[in-house]
Amino acid sequence: MTKKYWLMKSEPDEFSILDLKRVKVEAWTGIRNYQARNFMRDEMSVGDEVLFYHSSTRPPGVAGTMTVASRPYPDPLQFKKSSKYYDEKATKEKPRWMMVDVKFQSVFSTYIPLQVLKNEVKLGNMAILQKGTRLSITPVTAAEFRHIVKMGEK
DNA sequence: GCCAACGTTGGC
DNA sequence: GCCAACGTTGGC
């Protein structure tokens, strides 16, 4: 299977690229959107490369990279009553929410704000740059991935 | 199966 | 804090 490329959002107050650097591997819990779930469940493979995007912060932007580190498995928080991600309709036999683990790869030496991405003609087709796209997990092309990494490593 | 009401995301 | 855009829920 050929490698795919992704962008995944996280609010850095909740979990940032530096948190991932510290823990090395993290379960990407709490995704409660079917499209985003389907990407993790159906399309991700171990070794896929991922842009780590900081959302709801000033400024929002891409902070580094990580890789997919596990096959999909049920998000444990859907079964945990005390969690805000608890889902009473999910059962162990029929889990509703699937997720993957991610592994730290790099912190960009240059943080790439959303506004800078918007100015890059080459990145014009990226999902997160389209008006109204709120998806927290989106595919990116290999060319887009490489372009952003090159900007981030400057 | 439609769609109004409501909830959430996330940039600004 | 505002609000546009979008997703989900539930009555009918």
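Below, chains carry the letters A, B, ... as their sequence lines are ordered, and counting in each starts from 1. Computed from heavy atoms alone, side chains included, the values below leave out hydrogens, waters and symmetry copies.
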The side chain of Lys118(A) is closest to which nucleotide in this list: dG11(B), dG7(C), dT9(C)?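 The closest nucleotide is dG11(B).
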Please determine whether a side-chain nitrogen or oxygen atom of Tyr34(A) lies at a distance below 4.0 Å from atom OP1 or OP2 of dC6(C).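 Indeed not, no polar side-chain atom of Tyr34(A) lies that close.
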So, is Lys131(A) close to the dA4(C) phosphate, meaning a side-chain N or O under 4.0 Å from OP1 or OP2?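 No.
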To the nearest angstrom, how far is [X] atom [atom1] from [N] atom [atom2]?
X         : N       : atom1 : atom2 : answer
Leu117(A) : dC12(B) : CG    : P     : 11 Å
Glu11(A)  : dG11(B) : CD    : C1'   : 12 Å
Ile31(A)  : dT8(B)  : CD1   : C1'   : 13 Å
Lys9(A)   : dC6(C)  : NZ    : C1'   : 12 Å
Leu7(A)   : dG10(B) : CG    : P     : 11 Å
Leu135(A) : dT8(B)  : CG    : C1'   : 13 Å
Arg134(A) : dT8(B)  : CZ    : C1'   : 6 Å
Arg58(A)  : dG10(B) : CZ    : C1'   : 12 Å

Look at all strands and tell whether Gln35(A) reaches a base, only sugar-phosphate, or nothing, counting heavy atoms closer than 4.0 Å.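 Sugar-phosphate, no base atom in range.
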So, are Lys3(A) and Glu49(A) salt-bridged, with charged N and O less than 4.0 Å apart?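 Glu49(A) and Lys3(A): salt-bridged.
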Tell me whether Asp87(A) is salt-bridged to Arg96(A), with the criterion being a basic N under 4.0 Å from an acidic carboxylate O.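 Yes, Asp87(A) and Arg96(A) are salt-bridged.
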NZ or CZ of Lys80(A) within 45° of Tyr85(A) ring axis and under 6.0 Å: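 Because its charged atom misses either the 6.0 Å distance or the 45° angle limit, Lys80(A) does not stack over Tyr85(A).
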Report yes or no: is there a donor-acceptor pair, N or O only, under 3.5 Å between the side chain of Arg32(A) and the base of dT8(B)?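 No such pair is found, so the answer is no.
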Should the pair Tyr5(A) and Phe145(A) be assigned to parallel (<30°), tilted (30 to 60°) or perpendicular (>60°) ring geometry?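 Rings of Tyr5(A) and Phe145(A): tilted, 30 to 60°.
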